[in-house]
Amino acid sequence: SAEALARWQHPEHGLITPDRFIDVAEDNGLLILIDDLILRAVCVQAKEWEKTDQFRGRIAVNISARQLASDDFADKVLGIFAEEGVAIDRLEIELTESALMRNIDKSIAALIRLREAGVLIAIDDFGTDYSSLQRLIECPIDIIKIDRFFVDRIGNPKNEAIIAAIIAMAKSIGAILVAEGVETETQQDYLRRQGCQIMQGYLHLRPVPPNDFAAFAEKKGATRRATPLSPL
């Protein structure tokens with residue numbers, strides 16, 4: 001899989017990361033527009049990769065709480081992919097626990113509709129926000145991503161107990177498990193022993209432009225089309 005990351009190429013200040021502009025965009029109402037632009041950019045890139053047969057896997061997009069809470073969220077996502085002529089099962093939507101819980105009933109209805117259309121639903125940064133597990137399991141969750149906060153602290157017994165609990169919970173509800181922020185062989189080996197086989201982080205690849213990612217995907221033999229309900 002690939003994950004689309006928002007970056008602002010400023011003419012004077014160079015490359016600006018989301019931690020410097022996302023909160024401002026949310027405060028001034030621009031975040032929904034940014035979400036829409038990223039979804040369209042993903043469609044354009046997916047078509048380019050498919051045309052050149054470089055990468056046919058799924059692409060993850062982070063969706064803001066404000067976008068998720070909008071009345072036309074599911075219609076908009078499906079409409080963008082239809083307009084751009086890209087199969088909707090190329091898309092994986094990533095949401096934080098807090099975004100999901102902000103308007104849980106509306107969120108569940110929208111996500112069920114997208115899930116039925118073929119979109120994978122991932123919970124990002126899992127374990128860093130308080131949420132009601134009872135409500136969480138009502139959501140159509142395909143993927144749970146362990147936050148890098150816990151991965152960074154592998155070696156601490158209390159922290160490892162939390163990781164083990166997250167892995168057990170993911171397995172119990174049939175969710176695919178992904179560890180974020182994996183940077184060392186030690187972290188990777190520990191996670192594999194615990195039953196987490198899918199990892200994301202600098203150990204494997206740093207954030208790169210699309211052409212560099214396509215070369216990486218080709219090297220790894222990842223040009224085939226992702227099958228429904230599989231992130232690989």
Side-chain angles (χ1 to χ4, degrees), residues 1-5 57-65 68 89 91-205 220 222 226-232:
S1 301
E3 180 176 351
L5 302 177
R58 192 168 276 106
I59 304 173
V61 176
N62 293 276
I63 295 296
S64 66
L68 182 61
D89 62 5
L91 177 65
E92 174 187 319
I93 284 179
E94 293 194 359
L95 312 155
T96 62
E97 289 178 75
S98 58
L100 184 59
M101 292 297 164
R102 189 173 296 186
N103 194 333
I104 184 66
D105 292 320
K106 184 184 289 186
S107 298
I108 289 175
L111 294 177
I112 287 175
R113 186 173 174 204
L114 290 172
R115 180 64 178 70
E116 290 174 346
V119 178
L120 282 192
I121 309 299
I123 302 298
D124 199 12
D125 301 339
F126 187 83
T128 57
D129 290 305
Y130 169 79
S131 63
S132 166
L133 292 179
Q134 180 181 0
R135 297 310 310 272
L136 194 62
I137 62 175
E138 295 175 14
C139 301
I141 298 170
D142 299 295
I143 300 168
I144 288 178
K145 303 184 78 172
I146 303 174
D147 188 71
R148 66 176 305 141
F149 174 88
F150 302 109
V151 174
D152 285 343
R153 288 159 180 77
I154 286 174
N156 179 303
K158 291 183 178 179
N159 181 78
E160 289 182 356
I162 294 174
I163 291 177
I166 293 173
I167 290 173
M169 190 201 73
K171 288 181 177 179
S172 70
I173 64 172
I176 298 165
L177 199 68
V178 178
E180 296 183 292
V182 178
E183 297 185 358
T184 69
E185 295 283 354
T186 299
Q187 292 170 341
Q188 178 174 261
D189 292 344
Y190 169 80
L191 290 161
R192 281 179 173 167
R193 290 197 304 272
Q194 296 303 310
C196 179
Q197 300 298 326
I198 305 177
M199 303 178 203
Q200 177 180 353
Y202 287 2
L203 179 62
H204 300 286
L205 187 69
K220 295 293 184 180
T227 55
L229 310 187
S230 169
L232 295 178

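Here, residue 1 is the first one in the sequence, and each next residue gets the next number. Computed from heavy atoms alone, side chains included, the values below leave out hydrogens, waters and symmetry copies.
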Contacts table for residues 157-177: side-chain donor-acceptor under 3.5 angstrom, sequence neighbours left out:
{"unit_1": "N159", "atom_1": "ND2", "unit_2": "F150", "atom_2": "O", "d": "2.7"}
{"unit_1": "N159", "atom_1": "ND2", "unit_2": "R153", "atom_2": "O", "d": "3.2"}
{"unit_1": "E160", "atom_1": "OE2", "unit_2": "G155", "atom_2": "N", "d": "2.7"}
{"unit_1": "S172", "atom_1": "OG", "unit_2": "M169", "atom_2": "O", "d": "2.6"}

How far apart are the C-alpha atoms of K106 and L68, what are their side-chain angles, what is the distance that settles it, and do they pass the side chain to side chain contact (heavy atoms under 4.5 Å, CB included) test?
CA-CA 8 Å; K106 184 184 289 186; L68 182 61; over 6 Å; no
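- Not a single side-chain hydrogen bond (donor to acceptor under 3.5 Å, both in side chains) links Q197 to another residue, sequence neighbours left out.
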For a side chain to side chain contact (heavy atoms under 4.5 Å, CB included) check, start with the C-alpha distance between I143 and I123, then their side-chain angles and the critical distance, and finish with the verdict.
CA-CA 6 Å; I143 300 168; I123 302 298; over 6 Å; no
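- Distance CG/D142 to CZ/R115: 4.0 Å, rounded to 0.5 Å.
- Scored by the side chain to side chain contact (heavy atoms under 4.5 Å, CB included) test, T186 finds T184 as partners (sequence neighbours excluded).
- Minimum heavy-atom separation, Q187 to G181: OE1-O, 3.8 Å.
- With values rounded to the nearest 0.5 angstrom, I93 atom CD1 is found 5.0 Å from I63 atom CD1.
- Side-chain contact check for L95 versus D124: every heavy-atom pair is 4.5 Å or farther apart.
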What's the verdict on side chain to side chain contact (heavy atoms under 4.5 Å, CB included) for V178 and I144, showing C-alpha distance, side-chain angles and the deciding distance?
CA-CA 6 Å; V178 178; I144 288 178; over 6 Å; no
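- H204 is listed as a side-chain neighbour of Q188, based on a closest heavy-atom distance under 4.5 Å.
- The CG atom of D125 sits 8.5 Å away from atom OG of S98, with the distance rounded to the nearest 0.5 Å.
- Annotation: side chain to side chain contact (heavy atoms under 4.5 Å, CB included) contacts of I108 (sequence neighbours excluded): I104, I112, R135, E138, C139.
- Shown here are the side chain to side chain contact (heavy atoms under 4.5 Å, CB included) partners of A179, two or more places apart in sequence or in another chain: V151, V182, L191, C196, M199.
- For S107, there are no side-chain hydrogen bond (donor to acceptor under 3.5 Å, both in side chains) partners, not counting sequence neighbours.
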Determine whether L91 and L114 satisfy the following criterion, side chain to side chain contact (heavy atoms under 4.5 Å, CB included), listing intermediate values before the conclusion.
CA-CA 10 Å; L91 177 65; L114 290 172; 6.0 Å; no
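- Listed by first and then second residue, the salt bridge (charged side-chain N to carboxylate O under 4.0 Å, His left out) pairs that reach into residues 176-192 are K145-E180, R148-E183, sequence neighbours excluded.
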